[in-house]
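Nothing fancy with the numbering, it's 1 onward along the sequence. These values consider heavy atoms only, across backbone and side chains, with no hydrogens, waters or symmetry-generated copies. These numbers were taken from a predicted model, which means no experiment stands behind them.
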Amino acid sequence: MKNKRLLSLLVAGAMTVSLAACGGQGAVTNNPTESTDTSTAETSAEPTSERPTEPSGQLVIGSITQVVNEFYDTSFNNNATNYMMYDLIHGCDTVTYTMEGEFAFDDTVLASHEETENEDGSKTYTMKIKDGLVWSDGSPITAKDYVFALLCECSDEMTGVDGYPGNTYTTIVGYDEWHDGTADTFAGVNLIDDMTFSITVKAEELPYHWDISYAAVRPRPMAVIAPGCDVVGGDNGASITGDFTTELLQETINNIDTGYRYNPQVTCGPYLFAGFDEAGQQATLKVNPSYHGDYRGVKPVIETLVVRTVSSDTMMNELEAGTVDLLYECSGADTINAGLDLVEEGVAADTTYYRNGYGKVQFDCSQFPTDSQNVRQAIAYCLDRNEFARQYSGGYAAVVDAAYGLAQPEYTENSDWLSQNMNHYEMNLDTAKQLLEEDGWTLNADGTPYSGTGTRYKDVNGELKPLVITWANTSGNPVSDLLSTMLPTNMAEVGMELQPTTMDFATLQAAISHEGDTIYNMYNLATGFATANSPWYNYSEDPQWMTAGYNSNWIADSELSDAAGAMKSIPYADTDAWMEAWRNYIQIWNEKLPDIPLYSDEYYDFYSTKLQGWYNSSIWGWQRAVLDAWVAE
């Protein structure tokens, strides 16, 4: 067996993160003098062949997150795997994210871009599109396609398509009136000429930490989504002409067989959508011969991508058998050790990097009784998180105490502060009982004082309610399996009843977003932070950010919302102010506890030795890595 580069997971009560050996990258510590570059990746094998000049070969990518039939954007579905495919199918964004982890205007898309600070405090971005960009059907991409995307996706007509939230561009002048359908034009959007358009950001949305992201626009093919319509500019902004209705969009976007949401046939990304197999839970993508290249000019040379659902129990067997070529973001001791065995045998290669996110038990804070901070904290005190991390990861993960991950610069810059200022919620059943008593859970089912055994009850407006926690989890999930052995007994000991329900991931997602038949108190899953991490949306009290999936905890807490919101206006260059505000936000988060943070871990990609030139990292996802890689048949 290969030396697994594994050290013991060391537990230190005063430390926010337990020590762990991380795949040859050095130990994760809380010592700020021992810096670790958490954004880079380490690969076990160098290329053994030359990168071809023409596309060839097929790569089968296995995903333990269920692949679903959604190919438009995250406003319809924020499934992590499908999110990656959105980026592969769609493209020509005005703003890109670089390999170095920076936002930048994409000079392969834009001929020019200007920023104008207006007298009223607003800011106008004027962008000219390069000639020669085309849709996959050969038709030219023009400024009208960008303006159409802005107008369409913010319109009240689009809101009628399965409740599409249309809140990506709330920061643009005139958004509210256009979105509500009370204005004939979108005042902050204008079409200047066939290749030039502008957007104007509201003064109250400035300054903004990620201000360049305000200029990020992805085009949509107007001729496909709104045939017979056009966009025009004017002194009062842009508008859509023609018969633009919800009924039209229901057909062109939402038709299950031909709609752009499920079967996008005219796109401009590096790959084309070639089909979805519902039974096999897999999508097939083909290289786009008309793709202009990413911001570096790189075009893909893997001809076919098959992205399909796999089980964590059998995926390593599939990699060994050759029915899957790539398993990305693998975590947990059993999975990693099985993959490293394949590497030792010469069957596979690996790449490792830290996670820009964390695994968690996520609470729905709108539901009784997890709407209570005391109840959430009591559940946390019922779980030995250090032991959980040890059993789950075997040393390839660290316990975290709030919404941060090992790859975040905020963590690496503040690790010593975190160790001293976080509540580590070390398992303590007596503390859990005290919290529940303080919250009023002091009765038996018959209304007499709690006897000390069985389920606690609480008088809520004259009604006795039991302390029952409903838990949604997914099958074949080692985190679910481990939680089911560690939580129920301890929760019962303090007077809580845990009621688990196992389901597929799509059903779990629907429950989280309040679109399913049942809403649960808690869920176990993991999250990755967006490139422009924006906690002010994730914990906003504004209902639009809840219904759009940003505030998936459904928590309405002004102290948490204000602390996260204080970060929004800090200029990108003011690192000191950003870090100070982040510390305040993360400390309040640690108290409110909308999740129980379980771990942030080291990821491994395991892949067939035929896959060459593979580089994936915490900031450069697999949907970008496939552009540089190739298959040696």
[X] vs [Y] aromatic rings, parallel, tilted or perpendicular, using cut-offs 30° and 60°?
X	Y	value
Tyr164	Tyr72	perpendicular
Tyr411	Tyr404	parallel
Tyr603	Tyr353	perpendicular
Tyr537	Trp545	tilted

Would you call [X] and [Y] a salt bridge, taking side-chain N to carboxylate O under 4.0 Å as the test?
X	Y	value
Arg385	Asp401	yes
Lys592	Glu559	yes
Asp87	Arg218	yes
Lys433	Glu493	yes

Exercise: do [X] and [Y] side chains pair donor with acceptor under 3.5 Å:
X	Y	answer
Asn386	His424	no
Asn553	Asp595	yes
Tyr271	Thr284	no
Ser484	Asp481	no
Trp589	Tyr539	yes
Asn473	Asn524	no
Glu70	Tyr262	no
Asn374	Ser372	no
Tyr328	Thr351	no
Gln408	Tyr358	no
Thr507	Asp504	yes

Can Glu387 and Gln391 be said to form a side-chain hydrogen bond (donor to acceptor under 3.5 Å, both in side chains), step by step? CA-CA 6 Å; Glu387 179 62 16; Gln391 290 192 37; 2.8 Å; yes

Going by heavy atoms in the side chains, are [X] and [Y] under 4.5 Å from each other?
X	Y	value
Tyr585	Leu560	yes
Asp601	Tyr354	no
Pro594	Trp554	no
Leu435	Tyr381	yes
Ser331	Tyr392	yes
Ser311	Ile64	no
Val310	Glu318	yes
Val68	Thr309	no

[X] side-chain N/O to [Y] backbone N/O, donor-acceptor pair under 3.5 Å:
X	Y	result
Asn414	Trp417	no
Ser393	Arg390	no
Asp93	Thr96	no
Asn79	Thr81	yes

Where Asn356 and Ser618 come nearest, the two heavy atoms and their spacing: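 In this case the closest contact between Asn356 and Ser618 is CB-O, 3.9 Å.
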
Do you know the tightest heavy-atom contact between Gly405 and Ser600?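 Here Gly405 and Ser600 meet closest at CA-OG, 3.3 Å.
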
Could you give me the CA-CA distance, side-chain angles and deciding distance for Arg308 and Ser63, then say whether side-chain contact (heavy atoms from CB on, under 4.5 Å) is met? CA-CA 6 Å; Arg308 69 178 181 84; Ser63 168; over 6 Å; no

Pair Thr501, Tyr520 - check side-chain contact (heavy atoms from CB on, under 4.5 Å), show working. CA-CA 9 Å; Thr501 302; Tyr520 299 84; 3.8 Å; yes

Which residue is it: Leu285, Ile61, Leu305? I am looking for the one with a side chain to side chain contact (heavy atoms under 4.5 Å, CB included) to Met85.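 Per the side chain to side chain contact (heavy atoms under 4.5 Å, CB included) rule, the option paired with Met85 is Leu285, out of Leu285, Ile61, Leu305.
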
Start with the C-alpha gap between Thr352 and Glu602, add the side-chain angles, then the distance that decides, and say whether side-chain hydrogen bond (donor to acceptor under 3.5 Å, both in side chains) holds. CA-CA 7 Å; Thr352 180; Glu602 182 184 13; 2.5 Å; yes

When you measure from the centre of the six-membered ring of Phe76, is the NZ or CZ of Arg261 under 6.0 Å away and within 45° of the axis?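 Judged by the rule (NZ or CZ under 6.0 Å from the ring centre, within 45° of its axis), Arg261 counts as positioned above Phe76.
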
